[in-house]
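Start at 1 with the first residue, then count along the sequence.
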Amino acid sequence: MHTPHRRWSRVAALLALGCGLGAVVSPARAQLPSASARALGLGDNYAALARGYAAVAWNPANLGMPGNPSFSIALLPLRGTAGLDPITLSDLKEFEGDTVPFARREQWLAEITAEGNESGRSGAEVTYLALSAGRFGFQISTALRTTADIGPDAAELILFGNAGRTGQPQNLDLAGSRFDLVATSSAAVSYAHPLALELGPLPDQHFAVGATLKYVMGHLLASGQDEGSSLTSTPELDISFPVIETDVEGASGNAGSGWGLDVGAAWQGGMFGASLAIHNLVKTFEWDEDQLVMRRGEVLFTQDTSFTDFETTLPLDD
């Protein structure tokens, strides 16, 4: 038996699109890819320490501070990140190749329920060139970043199967799950200017302000959000997971673009120092809706019905 297409609202499509737009203008660290291996080793607590080419991504004001080299350069540094919360990658590794005990799965589900969801993130970055010359800096790079959330009931389905934690068929509300995948490239230029500013009697004080002007190009977007999927004890599986994505067939490599402005300030006096950076103080990035399509993402399975729809809708406004 085949059911007719369910009606799609444009409001739902725009909500999903909003998730994708937010992912690129507010990425996980809300800044340029970092070309510094030292920053990764310090857990990305690097805004006050970055000097030379690293200051472009972290705080451009540091290009005007003591310790900044007269010249620095990096070619093709690669960087990868991944993480899960509240159930972490180390939690999963503990049972690598083994069956996770029932009690531990119950504990994990309780943690996910208390947190509201299980969140994951990953990213890969390549900086083709980063350099600094005196108080000037430059960087060109590409980043791929993903984020995903799984709601408590969806986590229960993964951990315990369709019978759930109790072993008895039950209704599961799969809402609350979503994902974003964004690939962008950026070119940035920075400048810092030292200023005379003394705060109190501390010796050897230095102060500088800086700015980074960047151009961002969007290559790839895929953003999906569950709109009320469910698994009932009947049993019935009803999935509604619309996805907004770049049109692969008509892709030109540039599905959106815009400018951004970062500003920063840095101060040092004796053994003390402070650093402040505001990323994307100005941002004009927008996706080109003419290069985006909507994938319905609908599945319905009952005892006597089956229906799937993963077709795309062109254009997005339709």
[X] and [Y]: side-chain donor and acceptor closer than 3.5 Å?
X      : Y      : value
Ser240 : Ser229 : no
Ser90  : Thr88  : yes
His219 : Thr184 : no
Ser230 : Asp238 : no

Any donor and acceptor pair, going by atom type alone, linking the side chain of [X] with main-chain N or O of [Y] inside 3.5 Å?
X      : Y      : result
Arg51  : Pro66  : yes
Gln291 : Asn254 : yes
Asn280 : Lys283 : no
Asp262 : His279 : no
Thr284 : Gly258 : no
Arg79  : Glu125 : no

pair [X]-[Y]: side-chain heavy atoms closer than 4.5 Å:
X      : Y      : value
Pro33  : Ser186 : yes
Arg38  : Tyr46  : yes
Trp287 : Val182 : yes
Glu245 : Val293 : yes
Pro242 : Glu227 : yes

Report the hydrophobic cluster partners of [X], with the cluster defined as I, L, V, M, F, W, Y residues connected by side-chain heavy atoms closer than 4.5 angstrom, directly or transitively.
X      : answer
Ile150 : Ile158
Tyr191 : Phe136
Val282 : Leu261, Val263, Ile278, Leu281

Looking at [X] and [Y], what are the two nearest heavy atoms and their distance?
X      : Y      : value
Ser132 : Ser72  : OG-OG, 2.6 Å
Thr142 : Ser185 : OG1-OG, 2.6 Å
Ile112 : Ala155 : CD1-CB, 3.8 Å
Gln139 : Ser141 : NE2-OG, 3.4 Å

Nearest 0.5 angstrom please: [X] [atom1] to [Y] [atom2], how far?
X      : Y      : atom1 : atom2 : result
Glu236 : Asn171 : CD    : CG    : 9.5 Å
Glu298 : Ile239 : CD    : CD1   : 11.0 Å
Asn117 : Asp149 : CG    : CG    : 4.5 Å
Leu202 : Phe272 : CG    : CZ    : 6.5 Å
Leu300 : Thr305 : CG    : OG1   : 6.0 Å

Quiz prompt | Single-linkage hydrophobic cluster Leu89~Ile87, side-chain heavy atoms < 4.5 angstrom | solution =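 Looking at the clustering, Ile87 is in the same group as Leu89.
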
| query | If two hydrophobic side chains count as joined below 4.5 Å and joins carry through other members, does Leu157 share a cluster with Leu84? | reply |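 Each belongs to a different hydrophobic cluster.
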
Handout entry: Test applied, side chain to side chain contact (heavy atoms under 4.5 Å, CB included); reference residue, Phe138; option that passes from Leu129, Thr212, Val56
Key =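 Exactly one option meets the side chain to side chain contact (heavy atoms under 4.5 Å, CB included) with Phe138, and it is Leu129.
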
Inset, instruction - Kindly write out the residues that satisfy side-chain contact (heavy atoms from CB on, under 4.5 Å) with Leu159, not counting sequence neighbours, or none if the list is empty. - result: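 In terms of side-chain contact (heavy atoms from CB on, under 4.5 Å), with neighbours along the sequence ignored, Leu159 is linked to Arg105, Trp108, Leu109.
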
Exercise for the section: Apply salt bridge (charged side-chain N to carboxylate O under 4.0 Å, His left out) to Glu106 and list each qualifying residue two or more places apart in sequence or on a separate chain. Expected result: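 Partners of Glu106 by the salt bridge (charged side-chain N to carboxylate O under 4.0 Å, His left out) criterion, ordered by chain and then number, come out as Arg165.
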
If you look only at pairs with a residue in residues 59-69, which of them pass as a side chain to side chain donor-acceptor pair (under 3.5 Å), with sequence neighbours excluded?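 Matches after skipping sequence neighbours: Asn59-Ser275.
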
Problem set entry | Ion pair Asp180/Arg178, N-O distance below 4.0 Å |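 Salt bridge: yes.
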
**Asked** Can the ring centroids of Phe102 and Phe160 be said to lie less than 6.0 angstrom from one another?
**Response**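 Yes, the ring centres sit under 6.0 Å apart.
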
